[in-house]
Every structure is written in structure tokens, then in C-alpha cells.
Amino acid sequence: MEKYIDILRDLIQIESVNDNEKEVAEYIEKLFKDYDNVETQIIDSYPNRSNILVKVKGKEKGKIFAFSGHLDVVEAGEGWTYPPFEGKIVDNKMYGRGTSDMKAGVAASLYAILEILEEGVEFKGEIWFIGTVGEEVGMQGALDLVEKGLLDDVDAILISEPTKGEDEHLAIYASKGSIMYTVNAKGRACHSSMPEIGINAITTITDFVTNVQAKFDEITNDEKYQNADLGSTLNVFSMIEGGIQFNSVPENASISGNIRTVPEFGSEQSIKVLEDAIEENNKDDSKAKLSLELIQVLDPALASKENDLINSLKESAKDKNIVVKALIGTCELSRYIHIRDDIQLVVYGPGVTKTAHIVDEYVELDEYSENVRIFKDTCLRFLER
């Protein structure tokens, strides 16, 4: 286990809090600089925010297997027992921001590839590592790589997010989509004693909320929009702002929400519900004018749950209680599902899911080191099939 500590600790000590992934990418690039059959490529998404591709070529042509992990972490916050960017080890646990989500998964992927290289293991095809930026907010890195066609030839991707539960290890093959949006209302201000000469932005927003939520409630409960694995599309209004003082009719107001989508009623259909309600509202000159701002659009992802990738994982982790399951949240499945219709995808990795983003985030080192072996075996088994 000790030989797997250095890279993980080094990654934790790079403070890539919603930024600075370039330093992580450059660190990873250096790990492979002395190998002849390895190609690395750094691809910028934003200034100082770089994705990385590592490509290891086998003895002959074959399939392409890829590990994927995001290089950013969330804010550390206050109240840590141990410094969040030190990688302190106590009682067989490493503490630090990103230990679980998901630098342990990244490190385990890198060690699996390095062991294959160092042991001179012969294999057909290629083994890749995909390191992405901005997963915690927007998943822009994965989107850029997909839209640029850089992943078109990949046959299978293992996303090494933390998936350990209480007594099971999840192998996730599907996830809901997520649309984050804001609707802004522009009315006309006036004194509250003469509301008839103004246009109340808050009143317009509340009408919009009532109408749109009623529509989404119908969609949520409609059997034809149900997905056996993911459930149904639903909308939650989550933030509201408006007005400046008690005795003024508010000129501005806004409402923000989050739509969680399934393939049967996906991103385009859900956005159209918002757009149609806005269009209908704006026909009425007595109401404030509404406009839509889309913050994030992630599509639902539904990959195969019976394929060579998942079978290879099960065979490599026979000592684990592997449960193949859909995720009601979101992850980079939502980006990678668009690579190809037959792309094989699974989310599986070290770390207890519930420890992600918490104060005193940690990863169990025994679990982490076991995943190096599982990743290595899964990769080689897949390429042999």
C-alpha cells in the first residue's frame, strides 16, 4: 500500500479548487515523460484550466480503454481537523479535500497504467487516461473533449468517482440529466401607493412559477415519460430574488431552478416548457417581460448495463459486492454518452460516496490500493475480449 501514497498525496497538495487544473495536468504529464510508447496531450478549456490525455499504445491495434477523472475539487470550507491540502494519514485514512472526490480515483487510475508500463505487460489496443477540468461546475472539460472529437475512437470509459456504499460497491451505468436555469423578470418600478402605473416583476414571476410547476408536475406523473431505471423528469424552483424596498413596486425579479431529466423527457423538451411559458407571458403587455438564462445543461445518460466493460469489472472485483445501478444525480456520463451510440461506460472508484464534499473528507487507504489492482485487471480483461 505504501507505494501508492506519493501520487495521491501530491495531487491533494495541488489546490485545484474550481481552478488551477493546469498544474495537475502538468504533474500527470511528468509521470509519463520517460516512457517511449506514451503520448500526452494537454488541452486548455480556460486559462490555467487544462485537460490532459495520456495514451499508452499496445503491441498491436485493438480497442481503446480509458480511465477518466476530473482534476478539480470543491472549496475546503472551515472546521477541518487536519489541513485540507496536506494529505495527512491517520488510522489508515488519508484526509484532504479531494481524497474521495476524486483524486483517489485519479491516482488509482494513474498507478494502474504505470504498473502495466513498468511490468512490461503486453496488450492489444490502447489504454488512456482522461483528466478533465470543471466537473464540479458545468463539466466543461469533458464537453470540450467530446465536441472536439478527441474521444471519438474510445470504446470504453471507466469514470473513477467514489462509489462505495455501506455494504456494496456501485457500478453506475446511467444518470439523470440536470438543467440549471434562471428566469429574469423586467417590469416597471413605481410607488406602492400607485401600483397601477407600474408593472410588478414579482407578481409576474409568481405566475410563471405556478404555471410551469403545474406543467412539470403533469410530466413527472405521466406514465409515458417514466424511465424504468431513472424515474421521471422533475423540476425544483430553488432560489428567488426581487424588489428593493417595502414601498416600491419591484422592477426586477428572478427565479432559479433545477430540472432533473430522463431520456423520455429530456433537455430539449424541458427547456421548451420554460421557453413556451415565457413566450406566452410576454404576449401580455400588462406583465413584466421574462427572459431565460441557461446556466448548465447536462443530458440524461443511459448506457448499457450488460457489456464487456461491466463484466470485466465484475470479474476483477469478485470479492466486492458489485451492484449495477443507475444514478439519480449527475456526473460526466452526461457528456460521454454523446461520444458514440455504442460507447461502454461505467462509474466505479475508491471512496465512500457520502464523504464527498464534507469537512474532513477522507479515503480509506486499503480500499484505494485495492482499486489500483481492480482498475488494472478490468482494463486488461476488457482489451482481451
Side-chain angles (χ1 to χ4, degrees), residues 1 4-14 16 21 24-25 27-28 31 51-54 65-74 87 93-116 127-136 139 141-142 145 156-165 168-173 175 309-310 312-313 316-317 320 322 327 329-336 345-358 361-379 382:
M1 182 180 65
Y4 299 134
I5 297 301
D6 290 345
I7 291 175
L8 176 56
R9 181 182 282 129
D10 288 346
L11 292 175
I12 297 303
Q13 291 177 353
I14 301 173
S16 53
E21 293 99 332
V24 185
Y27 171 86
I28 292 170
L31 294 174
N51 310 283
I52 183 169
L53 296 180
V54 178
F65 175 99
F67 297 103
S68 178
H70 62 83
L71 310 181
D72 57 320
V73 298
V74 297
K93 296 176 180 177
M94 182 181 288
Y95 289 86
R97 176 55 80 222
T99 45
S100 178
D101 185 16
M102 61 173 294
K103 288 182 175 176
V106 170
S109 303
L110 297 172
Y111 271 120
I113 297 172
L114 288 167
E115 282 201 349
I116 290 170
I127 302 169
W128 290 17
F129 173 76
I130 305 166
T132 61
V133 309
E135 189 273 348
E136 298 292 359
M139 303 188 191
L145 296 178
I157 302 178
L158 186 156
I159 305 168
S160 54
E161 292 272 12
T163 59
K164 183 182 178 184
E168 61 187 16
H169 290 71
L170 300 182
I172 296 165
Y173 67 95
S175 66
L309 173 59
I310 290 175
S312 296
L313 174 61
S316 300
K320 308 292 182 183
I322 302 288
L327 176 70
T330 58
C331 68
E332 288 178 325
L333 282 175
S334 294
R335 299 303 193 198
Y336 294 147
L345 302 170
V346 71
V347 183
Y348 182 92
V352 178
T353 305
K354 68 181 181 181
T355 65
H357 296 200
I358 67 170
E361 179 182 350
Y362 67 87
V363 66
E364 298 165 330
L365 293 177
D366 286 344
E367 172 75 13
Y368 159 65
S369 62
E370 287 174 7
N371 269 263
V372 177
R373 174 191 60 79
I374 291 169
F375 284 3
K376 177 182 170 184
D377 290 352
T378 299
C379 168
F382 175 82

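For the single chain, residues carry numbers from 1 onward in sequence order.
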Interatomic distance, [X] atom [atom1] to [Y] atom [atom2] [nearest 0.5 angstrom]:
X: Ser100; Y: Glu364; atom1: OG; atom2: CD; answer: 9.5 Å
X: Tyr348; Y: Lys320; atom1: OH; atom2: NZ; answer: 6.0 Å
X: Leu31; Y: Ile28; atom1: CG; atom2: CD1; answer: 7.0 Å
X: Leu110; Y: Phe129; atom1: CG; atom2: CZ; answer: 5.0 Å
X: Leu158; Y: Leu313; atom1: CG; atom2: CG; answer: 6.5 Å
X: His357; Y: Arg97; atom1: NE2; atom2: CZ; answer: 7.0 Å

Which pair of heavy atoms, one from [X] and one from [Y], lies closest together, and at what distance?
X: Ser160; Y: Pro350; value: O-CD, 4.3 Å
X: Pro162; Y: Met102; value: CD-CB, 4.2 Å
X: Ala171; Y: Ile322; value: CB-CG2, 3.9 Å
X: Gly98; Y: Ile12; value: C-CD1, 3.7 Å
X: Tyr4; Y: Ser369; value: CD1-CB, 3.6 Å
X: Thr99; Y: Ala104; value: O-CB, 2.8 Å

Q. Between Phe65 and Phe382, how do the two ring planes meet: parallel, tilted or perpendicular, split at 30° and 60°?
A.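 Rings of Phe65 and Phe382: tilted, as their planes differ by 30° to 60°.
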I'd like to know if the side chain of [X] and the backbone of [Y] have a donor-acceptor N/O pair within less than 3.5 Å.
X: Ser68; Y: Ile159; answer: no
X: Asp72; Y: Val133; answer: no
X: Thr163; Y: His169; answer: no
X: Tyr173; Y: Ile310; answer: no
X: Arg335; Y: Met139; answer: yes
X: Glu161; Y: Val347; answer: no
X: Arg373; Y: Ala112; answer: no
X: Tyr111; Y: Ile7; answer: yes

Discussion item. Between Tyr95 and Tyr362, is the ring centroid distance below 6.0 Å?
Written reply: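 When the ring centroids of Tyr95 and Tyr362 are compared, they turn out to be within the sub-6.0 Å range.
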Task: Partner residues of Glu21 under the salt bridge (charged side-chain N to carboxylate O under 4.0 Å, His left out) criterion, sequence neighbours left out - done: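 Salt bridge (charged side-chain N to carboxylate O under 4.0 Å, His left out) check on Glu21 returns Arg49.
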**OP:** Would you please name every residue forming a salt bridge (charged side-chain N to carboxylate O under 4.0 Å, His left out) with Glu115, sequence neighbours left out?
**Re:**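 Here the qualifying residues are Lys3, Lys376.
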- Query: Can a salt bridge be assigned to the pair Lys103 and Glu361 using a cut-off of 4.0 Å between side-chain N and carboxylate O?
  - Reply: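 Between Glu361 and Lys103 there is no salt bridge, as every charged N stays at least 4.0 Å from the carboxylate O atoms.
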Quick one: are [X] and [Y] in side-chain contact, heavy atoms under 4.5 Å?
X: Val346; Y: Thr378; value: no
X: Leu145; Y: Leu53; value: yes
X: Leu365; Y: Ile5; value: yes
X: Trp128; Y: Ile157; value: no
X: Ile14; Y: Asp10; value: no

